2 protein chains.
Amino acid sequence: MPDAAARGSDAQLDRAFLALADPVRRGLIARLSRGPATVNELAEPFAITKQAVSKHIHVLEAAGLITRSRDGARRPCHLAPAALEELTAWIDSYRLVAEAQFRRLDTLLAAMDPEPRKEAGQ
Amino acid sequence: MPDAAARGSDAQLDRAFLALADPVRRGLIARLSRGPATVNELAEPFAITKQAVSKHIHVLEAAGLITRSRDGARRPCHLAPAALEELTAWIDSYRLVAEAQFRRLDTLLAAMDPEPRKEAGQ
DNA sequence: TCGTTTATCAACCATTTTGTTGATTACTTA
DNA sequence: TAAGTAATCAACAAAATGGTTGATAAACGA
């Protein structure tokens with residue numbers, strides 16, 4: 001039997017996917033992909049308070065998607081591409097298996113019956 | 001200026017990433033990557049009621065990550081690899097930009113100062 | 001030191017999410 | 001038709017999420 005991580009019971013994956021499930025946080029990711037930025041800089045485009053943005057940043061940091069550094073009174077945020085790569089690796093590990101399944105099924109059906117069967121699903 | 005989707009304000013992305021931010025739903029995805037299954041089959045490994053699993057399946061379906069079909073009284077679930085591919089595409093679009101930034105910065109710093117600078121962040 | 005900038009902490013509220021139990025619908029089979 | 005199986009609907013409770021306002025801490029600059 002696969003271990004907990006292989007079955008998907010990883011709290012860090014919970015945090016990372018949850019962090020991406022919000023348009024504000026995805027906007028922060030998009031901005032940070034072009035370089036580091038402070039909370040005030042990140043908050044500027046959004047119609048919410050700086051405190052709310054600060055909370056979003058903590059969600060991203062707890063998920064490991066960003067890191068903070070110190071520059072005087074400023075605490076710039078930096079994207080952590082390695083964490084993003086882990087997410088695509090998780091998704092792709094199942095996507096590729098499923099696509100291989102579909103290819104095998106297509107091949108089998110074509111060999112058994114050249115007539116396309118109608119499936120009740122949409 | 002990029003449009004709403006490019007900035008990440010896409011409700012479908014919200015649903016898809018939120019759908020993956022739960023260990024039960026990731027377990028369902030993992031199982032479905034090996035082939036279709038019914039609600040009862042999917043519910044068996046989990047210590048929650050069948051109704052709760054049914055709700056999780058609706059979350060995955062609303063996110064476009066799975067589809068349903070009809071087979072008599074059974075309604076099997078099928079993974080939708082194309083939707084998973086869209087998620088990896090979104091993540092990679094920003095990851096790759098950030099990694100290119102880092103490579104440019106590394107090159108610049110190496111050219112300016114061979115001595116590695118200490119950054120206050122972790 | 002004093003004022004300003006940067007950012008967080010704390011308390012609170014509305015909404016959403018996740019689970020339960022019990023009833024109901026849809027389909028199959030005897 | 002009647003019984004059994006597959007799955008959902010409905011109502012409810014507990015917990016988490018996302019936002020606000022107001023107060024506070026930490027570092028800089030004159």
Side-chain angles (χ1 to χ4, degrees), chain A residues 8-29 31-32 36-63 65-78 119-122, chain B residues 8-29 31-32 36-63 65-78 119-122:
Chain A
S9 307
D10 185 354
Q12 198 65 15
L13 276 180
D14 283 20
R15 295 190 201 98
F17 281 123
L18 185 63
L20 295 182
D22 181 287
V24 171
R25 289 192 293 258
R26 285 198 304 279
L28 299 178
I29 293 281
R31 165 64 185 84
L32 290 174
T38 65
V39 173
N40 283 340
E41 290 165 353
L42 289 169
E44 194 275 325
F46 295 101
I48 57 178
T49 63
K50 183 179 53 174
Q51 287 93 328
V53 172
S54 188
K55 284 190 185 180
H56 282 301
I57 287 170
H58 278 282
V59 171
L60 290 168
E61 189 178 13
L65 298 180
I66 69 171
T67 59
R68 312 290 301 266
S69 58
R70 170 69 74 175
D71 171 27
R74 296 179 184 77
R75 291 154 90 165
C77 305
H78 312 254
E119 170 80 7
Q122 46 171 340
Chain B
S9 306
D10 185 352
Q12 198 64 15
L13 276 180
D14 283 20
R15 295 189 202 100
F17 281 123
L18 185 64
L20 294 183
D22 180 286
V24 171
R25 289 192 292 258
R26 285 198 303 279
L28 299 177
I29 292 282
R31 166 62 185 85
L32 290 174
T38 65
V39 173
N40 283 339
E41 290 165 352
L42 289 169
E44 194 274 325
F46 295 100
I48 56 178
T49 63
K50 182 179 55 174
Q51 287 93 328
V53 172
S54 188
K55 285 189 184 179
H56 282 300
I57 287 170
H58 279 282
V59 171
L60 290 167
E61 190 179 13
L65 298 180
I66 68 170
T67 59
R68 313 291 301 267
S69 58
R70 170 68 76 172
D71 171 29
R74 296 179 183 77
R75 297 197 225 180
C77 305
H78 313 253
E119 169 79 8
Q122 46 171 329

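Predicted, not measured: the structure shown is a model, and the values here were computed from it.
For B/Asp22 and C/dT18, the CG to C1' distance is 8 Å, given to the nearest whole Å. Counting to the nearest Å, the C1' atom of C/dG19 and the CZ atom of B/Arg25 are 12 Å from each other. Rounded to whole Å, atom P of C/dT6 lies 13 Å from atom CG of A/Leu42. In this structure, the CD atom of B/Gln51 is 13 Å from the C1' atom of C/dT18, given to the nearest Å. In this structure, A/Glu61 places its CD atom 13 Å from P of C/dA7, rounding to the nearest Å. Atom-to-atom, CG of B/Asp14 to C1' of C/dT16 comes out at 13 Å; the value is rounded to the nearest Å. Atom P of nucleotide C/dT8 and atom NE2 of A/His58 are separated by 4 Å, given to the nearest angstrom. Taking atom CD on A/Glu41 and atom C1' on C/dA7, their separation rounds to 13 Å, with Å as the unit.
Contact between the side-chain N/O atoms of B/Arg75 and the OP1/OP2 oxygens of C/dC27 is not found at any separation under 4.0 Å. For C/dT21, the OP1/OP2 oxygens have no side-chain nitrogen or oxygen of B/Thr49 closer than 4.0 Å. For the OP1/OP2 pair of C/dA7 and a distance below 4.0 Å, the side-chain nitrogens and oxygens of A/Asn40 include at least one atom meeting the criterion. Side-chain N/O atoms of A/Ser54 include one lying less than 4.0 angstrom from OP1 or OP2 on C/dT8. A close approach under 4.0 Å does not occur between any side-chain nitrogen or oxygen of B/His56 and OP1 or OP2 of C/dT18.
In this structure, A/Gly72 and A/Lys50 both approach DNA chain D, and ranking their closest nucleotides by distance from the 5' end singles out A/Lys50. Comparing A/Lys55 and B/Ala21 by the nucleotide of DNA chain C whose heavy atom lies nearest to each, the residue mapping closer to the 5' end is A/Lys55. Mapping A/Ala73 and B/Ile57 onto DNA chain D by nearest heavy atom places B/Ile57 closer to the 5' end of the strand.
Scanning all heavy atoms of the two residues, the minimum distance from A/Leu65 to A/Ala19 falls at CD1-CB, 3.8 Å. Annotation for B/Ile66 and B/Leu32: closest pair CG2-CD1, 3.8 Å, computed over non-hydrogen atoms. Considering all non-hydrogen atoms of both residues, B/Pro36 and B/Arg31 come closest at O-NH2, 3.6 Å. Taking every heavy atom of both residues into account, A/Leu42 and A/Pro45 meet most closely at O-CD, 3.1 Å.
Taking 4.0 Å as the cutoff to heavy atoms of chain B, we find the contact window on DNA chain D bounded by D/dA6 to D/dA11.
In this structure, the side chain of A/Gln12 engages the main chain of A/Ala62 through a donor-acceptor pair within 3.5 Å. Although no hydrogens or angles enter the test, the distance criterion places no donor-acceptor pair under 3.5 Å between the side chain of A/Arg25 and the main chain of A/Leu20.
In summary, B/Asp14 and A/Arg26 engage in a salt bridge, as defined by a charged side-chain N under 4.0 Å from a carboxylate O.
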